[in-house]
Amino acid sequence: MGEEQVAPRPEAAAAAAAELTGFVISAEEAERAAAAAGVATVQDLLPLLVPSAMKRAIVPISRFPVGAVGLGASGRVYVGVNLEFSGLPLCHSVHAEQFLVANAAAAGEPALRAVAVSHMPCGHCRQFLQEIRGASGIQILVTTDADEDCAPEWRTVASLLLRPFGPHDLLPENVPLVLEAHDNPLGDPVVATVANGFAAGDLEARLREAAEAAARAAHAPYSECPSGFAVADGDGRIYAGGCLESAAYNPTLGPVQAAIIAMVAAEGCPAGDVVAAALVEKERAAVAQEATARIFLEAVAPHAIFHVYNYKPSDA
Ligand code: THU
Ligand code: ZN
């Protein structure tokens, strides 16, 4: 029967899902997995991957895992999960949708087409998605709709957030948004840096370089205070991320969270195993990250060496 060819076969889908490791799936691998699962398109595969995404959530506080799986214009598939941090206020948490967007941005994905997510995206996430140009057209499917006796179906972000407030309210049209190339000028390094220790070998230089690159790529059009954070594990592996601001301010993802997302996405060590960290930001920034970064490290990785590198914007 023709119908059988497009209907997902549960065992095949489960096998395909189980096979997929990592937080970024190449276009070729995604096509192969869709074919193996018996679905017509990669977009149809996304909901089938949500259960495996949920298993990777880190939720010591809520025990409520959220998984999101998105398809980019490149054909690549991105996974996002929620992250919570014991001992810190809830505002340090990362939502699965934010993780997914930061993960796609870090991979240089130019546009997001569709996202399947285990639970209905909250107001902050609907707002956060507005930082992507053309966000209103992104398709969303909520897999647990099935539990509510309504068939999970694709709907647009526009249908979830009517008359959105967004970048268009604050920025000129030509300012790059999330998923668009950023090259923020940092200015001149300020000689005196704040440090609470000395990292071994070239780790210090590599951390600083990674945090600088992340600050250059950060999305900070509202504060004009781009910041980047980098963390190193005990094996000298480095993970970095820059802030992703929201026009509505509060849904903003900070640079510390962005770096931890990069670490989780690379299937690195737990955040508690961070041995050294570096922050790059403007000197006396109107939106400063240093105090928050210190609070985070104190609670999550208290023995980590931490360096702050400030920059003085050159007079343009
Ligand atoms: N959560 C998400 O990841 N996405 C949403 O939009 C809804 C809420 C997470 C945040 C927190 O870790 C847990 O679910 C409970 O709110
Ligand atoms: Zn949310």
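All residue numbers refer to positions in the sequence shown, counting from 1. Remember, it's 1-based here, ligands and their atoms both numbered in the order they're listed.
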> What does the angle at the Zn ion (ligand 2) come to, between atom ND1 of H95 and atom SG of C125, rounded to 10°?
Replying inline: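 If I round to 10°, I get 110°.
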Which protein non-hydrogen atom lies closest to [atom], naming both residue and atom, and how far is it?
| atom | answer |
| --- | --- |
| atom 9 (C) of ligand 1 | N82 ND2, 3.4 Å |
| atom 16 (O) of ligand 1 | F64 CD2, 4.8 Å |
| atom 6 (O) of ligand 1 | C122 N, 2.8 Å |
| atom 12 (O) of ligand 1 | E84 OE2, 2.5 Å |

> Can R56 be said to sit on top of F23's aromatic six-ring, NZ or CZ under 6.0 Å from centre and within 45° of the ring axis?
Replying inline: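 The answer is yes, since R56 meets both limits relative to F23.
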> Quick check: does C122 have an N/O/S atom under 2.8 Å of the Zn ion (ligand 2)?
Replying inline: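 Of the N, O and S atoms in C122, at least one lies under 2.8 Å from the Zn ion (ligand 2), which means yes.
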>> Under a 3.5 Å distance rule, please check whether R133 uses its side chain to pair with a backbone N or O of V178 as donor and acceptor.
In response: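 A pair under 3.5 Å: no.
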> Is Q127 close to H124 at the side-chain level, that is, under 4.5 Å between some pair of heavy atoms?
Replying inline: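 Result no, sub-4.5 Å side-chain heavy-atom pair not found.
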>> Within ligand 1, which atoms have a heavy atom of P121 less than 4.0 Å away?
In response: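 Selected atoms, number and element: 6 (O).
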> Which of the atoms of ligand 1 are close to C125, meaning less than 4.0 Å from one of its heavy atoms?
Replying inline: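 Those of ligand 1 that fall under 4.0 Å from C125 are 6 (O).
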>> Hydrogens and angles aside, do Y309 and E281 bring a side-chain donor and acceptor to less than 3.5 Å of each other?
In response: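 Side-chain D/A pair, Y309 to E281: absent.
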Polar proximity ligand 1 side, [X] side, N/O cut 3.5 Å exclusive:
| X | result |
| --- | --- |
| A96 | yes |
| V59 | no |
| S62 | no |

> With a 6.0 Å cut-off on ring centres, are H119 and F64 close enough?
Replying inline: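 H119 vs F64: aromatic centres under 6.0 Å.
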>> With the threshold set at under 4.0 angstrom, would you say S93 reaches ligand 1 through any of its heavy atoms?
In response: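 No, that is not the case, since the closest heavy atom of the residue is not under 4.0 Å from the ligand.
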> Does E97 have a non-hydrogen atom less than 4.0 Å from ligand 1?
Replying inline: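 Yes, E97 has a heavy atom closer than 4.0 Å to ligand 1.
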> Is it the case that more than 12 heavy atoms not belonging to E180 sit under 6.0 Å from its CD atom?
Replying inline: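 Atom CD in E180 is crowded, with more than 12 foreign heavy atoms closer than 6.0 Å.
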> Given the rule in the side chain to side chain donor-acceptor pair (under 3.5 Å) test, do E109 and S74 qualify, once you have shown the distances and angles that lead to the verdict?
Replying inline: CA-CA 7 Å; E109 180 60 47; S74 67; 2.4 Å; yes
> At their closest point, which heavy atom of L179 faces which heavy atom of V101, and how far apart are they?
Replying inline: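 Nearest pair, atom of L179 first, then V101: CD2-O, 4.2 Å.
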> Of all heavy-atom pairs between H182 and A218, which one has the smallest distance, and what is that distance?
Replying inline: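 Minimum heavy-atom contact is CD2-O, 3.2 Å.
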> Counting only heavy atoms, which portion of H95 has something under 4.0 Å from ligand 1: side chain, backbone, both, or neither?
Replying inline: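 Contact part for H95 vs ligand 1: both backbone and side chain.
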